[in-house]
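Notes for the one structure printed next.
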2 protein chains.
Amino acid sequence: MGNRKISDAVIRRIVLYMRVLDEMEQTSEKDAISSYELGERTGVRAAQVRKDLAWFGEFGKQGVGYDVQFLKSQLHRILHLEKDVNVAVIGVGNLGLALARYNLERYKKEKEYYIKIAALFDNNPKKIGEIIEGVTIYSIDLLSEIVYEKEIAMGVITVPSLHAQQIADILVKANVKTILNFAPTTIVVPEDTRVHRADLSLELQHLAYYLGS
Amino acid sequence: MGNRKISDAVIRRIVLYMRVLDEMEQTSEKDAISSYELGERTGVRAAQVRKDLAWFGEFGKQGVGYDVQFLKSQLHRILHLEKDVNVAVIGVGNLGLALARYNLERYKKEKEYYIKIAALFDNNPKKIGEIIEGVTIYSIDLLSEIVYEKEIAMGVITVPSLHAQQIADILVKANVKTILNFAPTTIVVPEDTRVHRADLSLELQHLAYYLGS
DNA sequence: TAGATTGTTAATCGATTAACAATC
DNA sequence: TAGATTGTTAATCGATTAACAATC
């Protein structure tokens with residue numbers, strides 16, 4: 001502890017652990033789980049599970065393991081998934097629509113799924129005003145305004161590559177510092193803004209490499 | 001060279017380099033590019049660009065850089081993206097449909113985009129037989145057969161989590177050894193099969209962590 | 001030639017794994 | 001208690017970065 005710069009890889013695994021615990025709580029399988037079993041279920045070594053968790057505190061008991069309910073709630077706290085995270089999806093094409101529907105459905109069904117699609121945006125006048133699962137499609141001109149009104153914390157970019165940078169600029173101006181970019185292009189943002197690439201074609205192109213072996 | 005176990009991270013970056021070169025070729029900007037500029041455009045250090053490329057050969061010239069056309073064609077070769085890669089999408093819900101449409105559009109528009117969605121599968125009788133951008137939706141019962149017929153090399157799983165493992169099993173039996181899994185669940189496959197996680201909720205949940213700072 | 005830029009080696013940094021004393 | 005399993009330290013492994021001789 002002390003000089004904490006926790007890597008992205010650790011955070012990703014924490015999400016996996018959290019999910020297993022969410023499931024276990026639902027099914028009331030057991031009250032405790034060992035690092036060994038948590039690893040089994042997520043494809044991670046037991047030693048790494050313990051190391052990952054140790055970054056954030058001492059959650060286990062020797063000889064027993066981790067209390068499911070307790071660790072679950074701790075991991076939710078660590079990931080800031082204790083209350084709704086309001087998300088805007090910009091670009092309601094096929095992908096944006098799929099993402100919105102999928103997440104809204106999960107949000108309704110699952111008690112502990114805090115990702116809330118709170119607003120949709122598009123520049124197509126035919127789409128503006130339409131309502132998807134209770135969420136309105138707004139004009140992109142209203143982005144700053146709605147971001148403020150609905151306390152949007154995260155932006156998902158699903159517009160064509162050509163407009164991705166422009167949308168990112170608007171989000172940055174509207175003080176949205178966390179962006180998930182589905183456009184297959186690199187976008188440039190200030191230091192304090194975090195952009196993650198979620199480039200589906202990249203995944204496919206990347207997998208092609210392994211076709212040889 | 002010699003004992004080559006090239007990491008996933010390298011391959012991902014190679015895809016990024018390839019894309020920049022594809023673009024440059026289209027726009028005929030210049031004939032050569034330095035590791036420095038290739039790095040600039042992809043968010044990678046020049047030294048790393050050179051290191052990444054060096055895994056596969058000596059493609060540059062001192063004092064000059066890399067020939068755009070030549071390096072482009074080499075990277076396509078390395079990634080096995082010189083000819084069509086036939087892909088099946090299993091599960092034509094919102095996400096599967098979005099993925100199919102998006103990739104088919106790119107395939108039609110871009111000369112050097114070799115990811116070809118060659119077949120769609122679903123178990124909903126209402127959807128079976130429907131044609132999306134020229135590609136038929138088949139019953140999942142026909143998966144093995146069509147995989148063979150259409151020489152499918154890659155499977156994309158976009159069915160609900162509950163069925164993901166079952167679909168993976170069918171793909172494995174049909175000799176599809178490269179799978180992209182969008183279901184938010186861990187699936188188990190034999191050693192020689194490669195599954196990549198493309199879990200969109202994980203991306204969002206993972207980003208939530210950074211909302212704190 | 002002089003300047004630019006490669007490919008490669010060595011140094012650094014960070015992440016994973018193994019081992020084990022502490023302790024429930 | 002005896003067995004199980006933690007949290008942590010040390011060892012290992014791998015990836016990134018810096019530096020530079022080679023050379024176009």
Side-chain angles (χ1 to χ4, degrees), chain A residues 1-17 20-21 24 29-72 74-75 78 197 206 209, chain B residues 1-17 20-21 24 29-72 74-75 78 197 206 209:
Chain A
M1 266 154 274
N3 53 336
R4 323 207 323 151
K5 174 68 188 71
I6 292 156
S7 88
D8 231 56
V10 172
I11 304 300
R12 293 190 121 78
R13 289 193 297 267
I14 296 281
V15 174
L16 297 179
Y17 308 149
V20 169
L21 296 166
M24 285 189 75
E29 281 178 65
K30 312 194 239 162
D31 291 342
I33 189 170
S34 68
S35 58
Y36 180 78
E37 194 186 343
L38 204 39
E40 276 268 288
R41 297 231 208 164
T42 50
V44 175
R45 306 267 159 128
Q48 188 158 59
V49 172
R50 295 199 296 279
K51 194 105 213 279
D52 287 344
L53 296 175
W55 283 97
F56 300 98
E58 308 188 3
F59 303 122
K61 265 202 189 53
Q62 282 102 324
V64 180
Y66 301 89
D67 182 89
V68 172
Q69 301 252 344
F70 176 68
L71 186 56
K72 185 223 81 180
Q74 290 301 305
L75 298 191
I78 289 162
R197 202 192 290 278
H206 155 241
Y209 171 74
Chain B
M1 266 153 272
N3 54 335
R4 323 207 323 153
K5 174 68 189 72
I6 291 156
S7 88
D8 230 55
V10 172
I11 303 300
R12 293 191 121 78
R13 289 192 298 266
I14 296 281
V15 174
L16 296 180
Y17 307 149
V20 168
L21 296 165
M24 284 189 75
E29 281 178 64
K30 310 194 237 166
D31 292 342
I33 188 169
S34 67
S35 59
Y36 179 78
E37 194 185 343
L38 203 40
E40 275 269 288
R41 296 233 210 163
T42 49
V44 175
R45 305 267 158 128
Q48 188 158 60
V49 172
R50 295 199 296 278
K51 194 104 214 280
D52 288 345
L53 297 175
W55 283 97
F56 300 98
E58 308 189 1
F59 303 121
K61 265 201 190 54
Q62 283 103 325
V64 180
Y66 301 89
D67 182 88
V68 172
Q69 301 252 343
F70 176 69
L71 186 57
K72 183 223 84 179
Q74 290 301 305
L75 298 191
I78 289 162
R197 203 192 289 281
H206 155 241
Y209 170 73

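Just so we're on the same page: letters track the sequence lines, and every chain starts at 1. What you see below is based on every heavy atom in this structure, not just the backbone, and it leaves out hydrogens, waters and symmetry mates. Computed from a predicted model, the values in this text were never measured in an experiment.
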* Side-chain heavy-atom pair B:V20, B:L16 within 4.5 angstrom cut-off -> no

* What residues, two or more places apart in sequence or in another chain, satisfy side chain to side chain donor-acceptor pair (under 3.5 Å) together with B:E37? -> B:K30, B:R41

* Asked: For DNA chain D, which ranges pair as stems of 3 or more consecutive Watson-Crick or G-U pairs, with both donor-acceptor distances under 3.5 Å?
  -> C:3-24 with D:3-24

* By side-chain contact (heavy atoms from CB on, under 4.5 Å), which residues pair with B:A9, not counting sequence neighbours? -> B:S7, B:R13

* **A:F59 atom CZ: more than 12 heavy-atom contacts under 6.0 Å** => yes

* For A:Q69, check side-chain contact (heavy atoms from CB on, under 4.5 Å) against everything at least two apart and list the hits. => A:E25, A:D67

* Choose from D:dT6, C:dT8, D:dT16 the nucleotide whose nearest atom is closest to any side-chain atom of A:Y66. => D:dT6

* Measure from CD on B:E58 to P on C:dT9 and round the result to the nearest Å. => 11 Å

* Grab the CG-P distance between B:D52 and C:dT6 for me, whole Å please. => 13 Å

* Only counting residues at least two apart or in another chain, list the ones meeting side chain to side chain donor-acceptor pair (under 3.5 Å) with A:Y17. => A:D52

* **Set of residues satisfying salt bridge (charged side-chain N to carboxylate O under 4.0 Å, His left out) with respect to B:D31, sequence neighbours excluded** => none

* With the side chain counted from C-beta on, respond yes when A:L53 and A:I14 share a heavy-atom pair under 4.5 Å apart, and no when they do not. => yes

* Of all residues at least two apart in sequence or in a different chain, which pass the side chain to side chain donor-acceptor pair (under 3.5 Å) check with A:R50? -> A:S35

* What are the two closest non-hydrogen atoms of A:V49 and A:L38, and how far apart are they? -> CG1-CD2, 4.1 Å

* Grab the two heavy atoms, one from A:Y209 and one from B:I78, that are nearest each other, plus how far apart they are. => CD1-O, 3.4 Å

Could you list, one pair per line, each protein nitrogen or oxygen that sits under 3.5 Å from a nitrogen or oxygen of nucleotides 18-20 of chain D, together with the distance?
| unit_1 | atom_1 | unit_2 | atom_2 | d |
| --- | --- | --- | --- | --- |
| D:dA19 | N6 | B:R50 | NH2 | 3.3 |

Below 3.5 Å between N/O atoms, which protein atoms pair up with nucleotides 21-24 of chain D? Just atom names and distances, please.
| unit_1 | atom_1 | unit_2 | atom_2 | d |
| --- | --- | --- | --- | --- |
| D:dT23 | O4' | B:Q62 | NE2 | 3.4 |
| D:dC24 | O4' | B:Q62 | O | 3.4 |
| D:dC24 | O2 | B:Q62 | O | 3.3 |

* Nucleic acid contacts - residues 33-43 of chain B versus DNA chain D, non-hydrogen atoms under 4.0 Å -> none

